[in-house]
Amino acid sequence: MSLSQRAAAEAAGVPHRYLTIVETSDSRVGTNLDLVDFYGAAGIEFLGEASIGREITRAGARWSSPNSQDVSRAEKAKFHAENARVSFRAARALLNKGQDEIAAMAGLSRATVKSLELGKVWEESHRTLLTFYESAGVEFIGWGDPVTNMYFGIGVRWSSESKPECTSYPGPP
C-alpha cells in the first residue's frame with residue numbers, strides 16, 4: 001500500500017497517534033508479553049476466544065488447574081486452590097469497578113461487598129452479589145474437588161460475545 005500513516009489511520013478509523021505508536025514501538029508488544037509471562041508463572045491463565053479481524057470474546061482470567069479431576073493429591077498440590085467456588089474480587093476486576101460502585105449497583109453495603117470478597121458467606125447477600133454479577137455478564141468458572149474439599153481453576157470471564165454494560169441492577173429476583 002502506498003498510504004501515509006495519516007491516510008492509513010483515517011481509512012482504518014483509528015487515531016493517527018495510535019498507528020504511530022503501533023508501527024514505531026516494539027516495547028508495547030514486549031511489555032505485554034512480559035506481563036503475560038509474569039502472570040503465567042504465577043499460575044494465572046488469560047482466557048478469550050479470538051479470530052483474525054474480530055475482537056476477542058469471552059475474555060477473562062483464572063487460576064491454572066489440573067487437566068482432569070482424576071489426578072493424584074500430589075499433582076493437585078502443584079496448583080493454586082481456593083476454599084470458595086467463586087471469586088467476587090475477580091468479578092469486580094472484570095467489571096473494572098470499585099467496591100463502592102459494586103455495592104451501590106447491587107444494593108449492598110461496601111462492608112458487605114468487602115466481606116464477601118474476603119470469603120465470608122451470608123447466604124442472602126452472597127446470592128444477591130452472585131446474581132448481580134451474572135446479570136452483568138460475568139461467568140464464574142472452576143471446579144470443586146471432593147477429595148481435597150477445595151476449588152481449582154477459579155476465575156471469571158465474560159459470558160457472552162459482547163461485553164455487557166453494567167450500569168444498574170434491579171435487585172434480587
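The first residue of the sequence shown is numbered 1, and numbering continues consecutively from there. Both backbone and side-chain heavy atoms feed into the values below; hydrogens, waters and symmetry mates do not.
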Any side-chain heavy-atom pair from [X] and [Y] closer than 4.5 angstrom?
X	Y	value
Pro66	Trp143	yes
Leu108	Trp122	no
Leu130	Phe88	yes
Trp158	Leu94	yes

Which atoms form the tightest heavy-atom contact between [X] and [Y], and what is the distance?
X	Y	value
Ala61	Ile44	CB-CG2, 4.1 Å
Gly153	Ser65	N-CB, 3.5 Å
Ala91	Val138	CB-CG1, 4.0 Å
Ala81	Phe152	CB-CE2, 3.7 Å
Pro146	Gly144	CD-O, 3.7 Å
Gln99	Lys114	NE2-CA, 3.6 Å

Would you give the length of the straight line joining atom [atom1] of [X] to atom [atom2] of [Y], rounded to the nearest 0.5 angstrom?
X	Y	atom1	atom2	answer
Leu116	Ile102	CG	CD1	12.0 Å
Thr112	Leu129	OG1	CG	9.5 Å
Leu95	Met105	CG	CE	6.5 Å
Arg85	Tyr151	CZ	OH	7.5 Å
Asp70	Asp145	CG	CG	9.5 Å
Arg58	Leu47	CZ	CG	9.0 Å

Okay, side chain of [X], backbone of [Y]: is any donor-acceptor separation there less than 3.5 Å?
X	Y	answer
Ser159	Gly137	yes
Arg62	Arg157	no
Lys76	Gln69	yes
Glu75	Ser72	no
Ser68	Val71	no

_Going by salt bridge (Lys or Arg N to Asp or Glu O under 4.0 Å), name the residues that satisfy it together with Arg89, two or more places apart in sequence or in a different chain._
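If we apply the salt bridge (Lys or Arg N to Asp or Glu O under 4.0 Å) test to Arg89, skipping adjacent residues, there are no hits.
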*Please walk me through it: do Met150 and Asn83 pass side-chain contact (heavy atoms from CB on, under 4.5 Å)?*
CA-CA 5 Å; Met150 298 296 284; Asn83 60 2; 4.3 Å; yes
_Atom CG of residue position Asn67 - does it have more than 12 heavy atoms of other residues, nucleotides or ligands inside 6.0 Å?_
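Not more than 12 within 6.0 Å, no.
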*Does atom CD of Glu10 have more than 12 heavy-atom neighbours, drawn from other residues, nucleotides or ligands, at distances under 6.0 Å?*
no
_Ring-plane angle category for Trp63 and His80, please: parallel below 30°, perpendicular beyond 60°, tilted otherwise._
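Judged by the thresholds at 30° and 60°, the geometry between Trp63 and His80 is parallel.
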*Determine, step by step, whether Phe132 and Val113 satisfy the side-chain contact (heavy atoms from CB on, under 4.5 Å) criterion, reporting the C-alpha distance in whole Å, the side-chain angles of both residues, the deciding distance to 0.1 Å, and the verdict.*
CA-CA 12 Å; Phe132 163 75; Val113 171; over 6 Å; no
